[in-house]
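Some notes on the structure that comes next.
Proteins come first, then strands; the chains are lettered A, B, ... in the order of their sequence lines, and each starts at number 1. Small disclaimer: the values here were computed from a predicted structure and weren't measured.
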Amino acid sequence: MMLDVLSPFRAWKNLFRDPVTVIDPLNDRPGAARYRGFHQNDVDLCIGCGTCEAICQNAAIDMVPVKQLEAPGKDSGLRPKIDYGRCCWCALCVDVCMTGSLTMSNEYKWVESDPEKFRFIPGVDKKYWDDAELGYHRPEDYHLTPHTRAEMGEMEADERISNFDEIVYGYTREQAIIEADRCVSCGLCVATCPAHMSIPDYIAAIRDGDYEGGLKLLYETNPFSQVCGRVCTHRCETVCSAQHEGDPIAIRWLKRHITDNVPAEKYAEIIGGKEPDTGKKIAIIGAGPAGLTTAFDLAKMGHKVVVHEANSGPGGMARYGIPEYRMPYDVLDHEVSVIESLGVEIKYNTRIGKDIAMEELQKDYDAVLLSIGLHLGRSTRIIGTDNPAVAKAVDLLRDITNGKKVKVPETVVVIGGGNVAMDIARSVARLQKQTYGEVKLTVTALEDFDHFLADPEEVKESFEEGINILDARGPQEIVIDDKGKVTGLRTWKVKSIFDEDGRFNPSYDETDEIIHEGTLVIEAIGQMSDVSLLGEDLTEKLEWSRGRIVVDPDGRTNQEWLWAAGDCVHGPDIIHAVADGHRVAKSIDKHIGKAKAKSKK
Amino acid sequence: MLYQPDRSQYPDMGPDGKLDIDLSSGKYLKLWQGPQHPGITGNMSLELTVCGDEVVEGKVHVGYLHRGFEKLMERRSFIQCFPIVCRICVPEPDFNEYCYAAAVEELAGIEISERAKWIRTLILEMGRINSYMMYLGGQAGALGMGVIGQWTTYVRDLMLDRFEELTGARIYHMFIIPGGVRDDLPAGFEDRMEETLKEIEATLKDVQEVMFQNAVFKKRTKGIGYIDPSLVDSYGITGPNARAAGIAKDVRADQPYLVYPHLDFEPVTGKDSDIFTRSDVRRRDVIMSVDLVRQILSRMPKKDGPLMAKLPNVLHWKIPRGETYIRGECSRGEYGFYVVTDGSGYPRRVNVRGPSYTHAMSLLQRMIVNVNIADVASLMVSLHTYPPEIER
């Protein structure tokens with residue numbers, strides 16, 4: 001009992017203790033090394049994907065346009081503006097940031113009389129903590145979004161080299177869901193896609209298992225979705241926000257997955273629906289992606305469309321320029337049948353300028369579209385290219401598509417480093433394998449591997465198939481023996497491709513010479529349009545730039561009845577051709593609609 | 001010897017079970033303790049009817065702190081709920097984080113790494129120490145002994161420093177995230193933690209000498225606020241309130257979770273079930289927690305691989321249909337999260353079981369009758385209630 005009375009007095013021992021408070025907390029009390037303090041944003045690293053805005057449960061983040069930014073390329077031009085009246089410093093925005101640009105400093109003191117100031121754009125509105133090194137940064141091994149792409153099955157090299165079957169199998173449902181789940185729906189891809197396909201929405205449709213809804217979305221912007229699902233140049237994937245800390249979403253394969261999972265007979269019903277007949281007639285020259293996209297759109301608007309195709313099959317460059325192992329013909333045929341189901345008439349084996357004159361089209365139709373692709377191969381014009389054993393890639397590819405018996409010799413050399421060079425090399429390699437049982441083929445490219453034009457997977461797969469690719473080799477001469485037979489190609493090592501003014505003017509190291517053995521040399525250095533169908537008069541009247549027809553932003557030439565679209569205007573790219581087709585269809589509809597209004601008066 | 005009031009002055013019970021209190025008689029006085037009152041814990045309020053110094057009827061009023069978290073969570077994705085839940089209980093937020101994360105992991109079928117479990121346990125024990133430190137100050141403060149609160153607040157602050165360097169925040173740590181924990185222990189953490197633990201032990205010794213070996217404290221707490229052990233089950237009493245009544249209820253031992261099976265401890269119990277015993281049980285519980293923190297830091301396995309499990313893309317994370325109840329032993333008793341999912345990207349229903357709900361409402365309302373008005377604050381604090389967890 002006595003102890004209970006005395007014991008409390010022990011508190012007096014603290015009488016002479018120093019105070020435990022920090023005397024100047026504003027200066028003497030820095031936040032801990034991983035303190036979640038005020039936000040920092042590396043605006044150059046930031047791509048404005050808005051994932052931080054999406055995850056913020058307080059709606060404290062708004063994505064706002066920032067003028068000071070350089071012209072946005074792979075970027076939305078927006079940056080996060082944070083409202084410190086709402087922020088709870090949970091740092092989920094930092095955790096989910098796709099580039100790692102958003103971090104937090106360990107600073108926590110900010111005095112301001114104007115409450116509006118507490119809404120600010122980190123990194124743009126300069127703050128004293130911008131350069132603080134400490135503070136919360138997302139730790140290693142810590143991710144809120146999966147970083148690796150779902151693998152897609154494909155044929156092994158030794159299996160695929162002996163046939164023209166499609167190499168990739170397409171995603172299974174499980175793989176597609178894993179891949180679709182990775183998308184953060186930022187929409188940078190939509191802005192980049194020439195046709196502005198609603199990518200995040202159709203990826204969401206895969207997640208929800210709604211393939212028919214997904215297909216409807218696809219065909220709203222792209223009547224070549226099955227084709228693009230296989231061979232699109234997929235620029236969307238080059239801006240995908242997931243690529244910064246992992247693999248970009250396999251957008252192209254996901255698109256294909258939707259088209260693979262809707263029964264062929266359901267397409268027309270899902271996509272269909274057209275306006276009443278307008279009584280207008282439009283002629284389209286060339287049944288490629290640009291021409292048929294225009295036909296698709298115009299047919300839906302109720303116009304009568306007749307497509308004139310010189311070849312025996314539809315698809316244009318997609319059929320005659322891309323080998324079957326990448327773009328199976330039955331898929332293409334199905335794609336075109338969907339367009340035909342809207343009432344589009346396609347006349348095959350009809351060459352304008354020969355079977356029908358251009359003037360006739362002008363007379364018989366309300367509008368004419370020129371979408372003739374790039375079916376003529378360019379030549380290097382080095383010595384010996386006039387020899388019959390020197391071929392052009394596009395011609396050979398067309399022959400292979402047409403089922404002609406293409407005789408390939410035991411040794412072949414390909415000049416070129418683009419995707420067409422890979423296409424012809426891999427096609428010829430297959431023919432060699434079928435004929436001789438082995439591949440002896442050399443590809444000589446002007447560019448080195450660091451600046452290669454062909455897609456990396458094309459190069460990788462070519463090597464797997466036993467094709468020898470040599471980079472930085474400049475072709476000098478076709479080597480021809482006394483009897484006039486081609487025996488190979490002489491190349492020099494490339495020192496540089498462009499001169500100081502940035503013009504194409506390759507320089508070579510002449511001491512590094514190789515003669516590549518081959519009794520057939522194939523040139524795959526570029527293509528151009530066969531414009532002979534236009535006739536002299538029209539050719540003269542049209543405006544030209546570097547061998548291509550000049551069109552206005554809507555795709556109309558300087559002749560008011562004639563439009564042009566696709567590869568022949570913009571160079572080779574299917575999705576660009578599709579975008580072109582939409583644009584032209586709108587323009588034609590506007591034009592003939594006006595004509596109608598006139599005639600009513 | 002329990003305090004015996006003079007019951008002759010008390011109102012009669014009517015046939016409907018209600019007291020017949022005639023305020024106009026002048027015998028009774030209606031008195032509000034709270035919501036603004038130094039003798040109330042947080043944002044709640046007691047409506048007391050007193051007769052002289054004695055409380056004849058007490059009603060607990062809550063609702064001053066309702067923020068609707070459970071409802072909010074039904075409109076937040078699973079990851080967006082993670083920063084919300086800690087706010088359900090301010091002084092010991094980590095239990096919300098743990099229970100929510102564990103519920104989501106169970107429903108989504110996610111297995112977390114071993115080291116993450118140890119770090120989670122560490123955080124929960126650190127939070128327990130903090131919560132008890134706040135309690136000890138409050139219990140002493142309710143009896144006018146302000147200095148104890150100053151001491152315990154200081155050591156709590158030291159522990160908050162440890163929290164800050166480990167989790168990046170002092171109060172709302174937001175560190176136990178579905179899938180694991182956000183980061184590993186910082187370098188040198190064990191040494192600094194040991195210094196902090198020593199400070200806590202020294203302070204506990206002082207508290208023992210000044211608060212518990214104190215004639216006034218004993219007079220004011222012994223024999224007051226008795227909870228009969230028979231009430232424990234019927235009222236759902238858990239934690240130190242039950243253990244002080246001699247019933248060794250402790251979820252850590254009864255249904256071990258995280259790494260508690262790997263730790264050596266014995267639930268602390270008391271006998272007398274009064275305010276003093278409950279305070280003492282909590283003081284000894286801190287000593288146990290300090291020991292547990294040491295055990296965790298010395299037995300924790302080395303890091304091998306990521307602390308975070310592989311999550312699906314959290315922006316559209318859907319969890320299959322299911323329901324679960326996750327519980328843990330927080331400083332006040334059994335803390336639990338009941339989570340229902342329906343296959344969508346949002347929880348269908350979340351219900352939080354805060355131990356304060358039974359302790360501060362039904363139990364206090366019963367216990368407060370016949371208590372001297374001067375002891376009401378002390379009695380209430382001795383149940384260790386946090387109003388935020390009553391109102392989610």
Are more than 12 heavy atoms, taken from residues, nucleotides or ligands other than B/R67, located less than 6.0 Å from that residue's CZ atom?
yes
Taking every heavy atom of A/D208 against every heavy atom of B/K318, the minimum-distance pair comes out as OD1-NZ, 3.3 Å
Shortest non-hydrogen separation from A/R36 to B/A169 and the atoms involved:
NH2-CB, 3.4 Å
With side chain to side chain contact (heavy atoms under 4.5 Å, CB included) as the criterion, how do B/D161 and A/R29 come out once you've worked through the C-alpha distance, each side chain's angles and the decisive distance to 0.1 Å?
CA-CA 11 Å; B/D161 288 348; A/R29 183 57 179 77; 3.1 Å; yes
Mark yes when over 12 heavy atoms from residues, nucleotides or ligands other than B/E111 sit less than 6.0 Å from its CD; otherwise mark no.
no
Atom of A/A32, atom of B/E165 and distance for their closest heavy-atom approach:
CB-CA, 3.7 Å
Given that the side chain runs from C-beta out, which part of B/D184 has a heavy atom under 4.5 Å from chain A: side chain, backbone, both or neither?
backbone
Which atoms of B/W151 are under 4.5 Å from chain A, going by heavy atoms: the side chain, the backbone, both sets, or neither?
side chain
What's the spacing between B/Q208 CD and A/R10 CZ if we round to 0.5 Å?
9.0 Å
May I have the list of side-chain donor-acceptor pairs in residues 83-95 of chain B shorter than 3.5 Å, sequence neighbours left out?
from, atom 1, to, atom 2, distance (Å)
B/R87, NH1, B/P83, O, 2.4
B/R87, NH2, A/C88, O, 3.4
B/E92, OE1, B/S331, N, 3.2
B/E92, OE1, B/S331, OG, 2.8
B/E92, OE1, B/R332, NH1, 2.4
B/D94, OD1, B/H173, ND1, 2.6
B/D94, OD2, B/H173, ND1, 3.4

Suppose we screen for salt bridge (charged side-chain N to carboxylate O under 4.0 Å, His left out). Which residues come up paired with A/E151, at least two apart in sequence or across chains?
none
Based on non-hydrogen pairs under 4.5 Å, which of A/L92, A/T51, A/V96, A/L3 is most in contact with chain B?
A/L92
Heavy-atom proximity to chain B below 4.5 Å, by part of A/T21
neither
Any pair counted as ring-ring contact (aromatic ring centres under 6.0 Å, His included), so long as it reaches residues 197-216 of chain A, sequence neighbours left out:
A/Y211-A/H257
I'd like to check B/Q213 versus A/L6 (side-chain heavy atoms, cut-off strictly below 4.5 Å). Are they in contact?
no
Turns out that what part of A/A91 lies under 4.5 Å from chain B's heavy atoms comes down to both
Would you say B/D304 has more than 12 foreign heavy atoms packed within less than 6.0 Å of its CG?
no
Tell me, side chain or backbone of B/Y172 under 4.5 Å from chain A's heavy atoms, or both, or neither?
backbone
Between B/L158 and A/V20, does the side chain to side chain contact (heavy atoms under 4.5 Å, CB included) criterion hold? Intermediate values first, please.
CA-CA 10 Å; B/L158 294 178; A/V20 293; over 6 Å; no
Measure across A/V5 and B/A215 and return the closest heavy-atom pair with its distance rounded to 0.1 Å.
CG2-CB, 4.2 Å
Can you tell whether the side chains of A/D4 and B/K219 come within less than 4.0 Å, N to carboxylate O?
no
Pairs of heavy atoms under 4.5 Å with chain A: top-ranked of B/V147, B/D206, B/L315:
B/L315
Could you tell me which residues in residues 127-141 of chain A have at least one non-hydrogen atom under 4.5 Å from a non-hydrogen atom of chain B, sorted by residue number?
A/Y136, A/P139, A/D141
Where is the tightest heavy-atom contact between A/P30 and B/E164, given as atom of each residue plus distance?
O-OE2, 4.3 Å
Using a cut-off of 6.0 Å, state whether more than 12 heavy atoms not belonging to A/K109 lie near its atom NZ.
yes
A/F9, CZ: over 12 other non-hydrogen atoms inside 6.0 angstrom
no
Structural part of A/R182 lying under 4.5 Å from a heavy atom of chain B:
backbone
Using non-hydrogen atoms and a 4.5 Å limit, figure out which bit of A/A242 sits close to chain B: side chain, backbone, both or neither.
neither
Tell me whether B/R75 at atom CZ has more than 12 heavy atoms from other residues, nucleotides or ligands lying less than 6.0 Å away.
no
Could you state the interatomic distance from CG (A/D181) to NE2 (B/H316), rounded to the nearest 0.5 Å?
5.0 Å
Check the surroundings of atom OH in A/Y108: do more than 12 heavy atoms from other residues, nucleotides or ligands lie under 6.0 Å from it?
yes
Heavy-atom pairs under 4.5 Å with chain A, option from B/L307, B/T167, B/V216, B/L166 with the top count:
B/L166
Check each atom of A/N106 against the heavy atoms of chain B and say whether the ones under 4.5 Å are side chain, backbone, both or neither.
neither
Would A/D95 and B/R182 count as a side chain to side chain contact (heavy atoms under 4.5 Å, CB included) here? Give the steps.
CA-CA 9 Å; A/D95 289 351; B/R182 274 184 145 158; 2.6 Å; yes
Give me the atom names and distance for the closest heavy-atom approach of B/L311 to A/P146.
O-CG, 3.9 Å
Could you tell me which portion of A/A54 (side chain, backbone, both or neither) has an atom closer than 4.5 angstrom to a non-hydrogen atom of chain B?
both
In terms of heavy-atom pairs under 4.5 Å with chain A, the winner among B/Q150, B/M211, B/K310, B/E209 is B/E209
Roughly how far, to the nearest 0.5 Å, is SG of A/C90 from CD1 of B/I177?
8.5 Å
